[in-house]
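In what follows, a structure is listed as structure tokens, so that the remarks can point back to it.
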Amino acid sequence: MQLKLTFAALLIVAFTWIFWTENTTRPASDNALPANTTDAPANATMREAAKNFISLTTDASQQEKLHWAFSDDERLNWNFVPIPGKRQGLAVESMSTQQRAALHALLQSVLSTKGYLKTTGVQQLERILGEIENRPKYRDPLLYYLTIFGTPAADSAWGWRFEGHHLSLNFSSIADTIDVVPAFWGANPAEVKTGPFTGLRLLSEEIDVARQLMRTFSTEQKQQVIIADTAPRDIITGNSREAMLERTEGLAYAAMTAEQQQLVIRLIDVYLGNMKPEVAAHQRAHIEAAGYDTIHFAWAGSESLGQGHYYRLHGTTLLIEYDNTQTNANHIHTVWRDLQNDFGRDLLHQHYNASSASHTH
């Protein structure tokens, strides 16, 4: 019987990853690393975690790779495909044991437990994929890169990115508010078919809740929900610097039943749940300010298991895309975008306007 891994088993996956990349023995000086407190505001915790990583990066060559200006064009240059030798930042493979521990603290400072496990799980899947394809060097789980933009400080705009194959998390801290967009998680294989992790479905909630929603639609509703018989080969917005769609398609939230509306909110919560509650609350407030009634749910492709499919949630500010068509529909791409505030653009604009106004008085 095929094993379906539980959330507890995902913990084992994450701890396996940490053990494999960092080893169980650390220098005694590691004990001096500041704890990743859970009671501090998320931005302060994230800021201190970033400053701690920078303090451990004393090598000039590493500093050059790690630290970029917040205004540098590279901050918008995100990608989720393998680009050997072209991705900027400091690679995990070149980090010391202390730096790797500090990197995990930085990730945990803003991601929820679930989001952190997904992030480390993506890297674990890279190792599994390398074994499946017999390309361990190409599918290297240590080829994930940290980049810090600007100077971590409460009164300045700064950010950071953690990125590699099937992962691109872009954090912006502006006016002491955190935005986590674009945020991309992918999974290949979407379901592990062989080996010790058989049955692992890293991004299971993202499709299970969407399928539950699909089962509630009437035949008439599906005429609006299903926008194409064939799913696109990938998320439509790709790695564009500014996400946009030509038109809004699908069934409007306002036209759904109460049950369906609750499932839409639950599906949004799957993605919001990758962040710590304080960070998620800020993102949710942005959605609610625009209004749920602006959100449409659209599906493309087959409704049958094992067949290519795609869905999206598209509103005034919100865009979530999910695609599973490649590798015999066992290869997931998901992305969270903010149509007004990717890379903190809108917050940055407000911050600069407020600064300009304060200087005129």
Check your understanding: What do the steps show when you test His314 against Phe297 for ring-ring contact (aromatic ring centres under 6.0 Å, His included), and what is the final call?
Key -> CA-CA 7 Å; His314 180 199; Phe297 177 81; over 10 Å; no
Lys/Arg-Asp/Glu bridge criterion (N-O < 4.0 Å) met for [X], [Y]:
X	Y	value
Asp269	Arg284	yes
Asp73	Arg241	yes
Glu249	Arg247	yes
Glu303	Arg211	no
Arg337	Glu242	no
Glu205	Lys114	yes
Arg161	Glu74	yes

Study note, to complete from the structure: Result for side chain to side chain donor-acceptor pair (under 3.5 Å) between His333 and one of Asn324, Asp323, Asp234, Thr325 points to Asp234
Check whether [X] reaches the backbone of [Y] with its side chain - one donor and one acceptor, N or O, closer than 3.5 Å.
X	Y	answer
Glu126	Gln123	no
Ser172	Phe343	yes
Thr334	Trp185	yes
Glu321	Ile236	yes
Asp179	Gly344	no
Thr57	Gln63	no
Asp342	Asp338	yes
Ser304	Gln307	no
Asp72	Arg75	no
Gln88	Thr147	no

**Study point:** Flag side-chain contact, heavy atom, 4.5 Å: Tyr144 against Thr119
**Key:**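 SC-SC contact between Tyr144 and Thr119 ruled out.
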Point to revise | Heavy-atom side-chain proximity of Leu125 to Asn188 below 4.5 angstrom | key: no
Exercise for review: Report the C-alpha separation of Thr45 and Asn43 in whole Å, then their side-chain angles, then the decisive distance to 0.1 Å, and conclude whether the side-chain hydrogen bond (donor to acceptor under 3.5 Å, both in side chains) test is met.
Suggested key: CA-CA 5 Å; Thr45 307; Asn43 207 327; over 6 Å; no
Straight-line distance of [X] [atom1] to [Y] [atom2], nearest 0.5 Å:
X	Y	atom1	atom2	result
Gln283	Asn274	CD	CG	11.5 Å
Ile235	Ile332	CD1	CD1	12.5 Å
Arg135	Asp140	CZ	CG	12.5 Å
Lys193	Leu200	NZ	CG	11.5 Å
Trp158	Asp155	CH2	CG	12.5 Å

Check your understanding: Between Trp299 and Tyr311, how do the two ring planes meet: parallel, tilted or perpendicular, split at 30° and 60°?
Key -> parallel
Practice item. Return the orientation label for the His331 and His165 ring planes: parallel under 30°, perpendicular over 60°, tilted otherwise. Key: perpendicular
Practice item. Verify whether the ring centers belonging to His67 and Phe149 lie closer than 6.0 Å. Key: no
Point to revise | Joint hydrophobic cluster, Met275 plus Phe171, side-chain heavy atoms closer than 4.5 Å | key: yes
Check your understanding: If two hydrophobic side chains count as joined below 4.5 Å and joins carry through other members, does Trp160 share a cluster with Leu169?
Key ->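 Looking at the clustering, Leu169 is in the same group as Trp160.
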**Study point:** Trp68/Phe70 under side-chain contact (heavy atoms from CB on, under 4.5 Å): CA gap, chis, key distance, verdict
**Key:** CA-CA 6 Å; Trp68 297 64; Phe70 184 77; over 6 Å; no
Review point. How far apart are the C-alpha atoms of Leu272 and Trp336, what are their side-chain angles, what is the distance that settles it, and do they pass the side-chain contact (heavy atoms from CB on, under 4.5 Å) test?
Key: CA-CA 9 Å; Leu272 281 175; Trp336 174 291; 3.5 Å; yes
Review point. At their closest point, which heavy atom of Ser156 faces which heavy atom of Thr151, and how far apart are they?
Key: OG-O, 2.9 Å
**Study point:** Residue pair Val181 / Asn341: nearest heavy atoms and the distance that separates them
**Key:** CG2-O, 3.6 Å
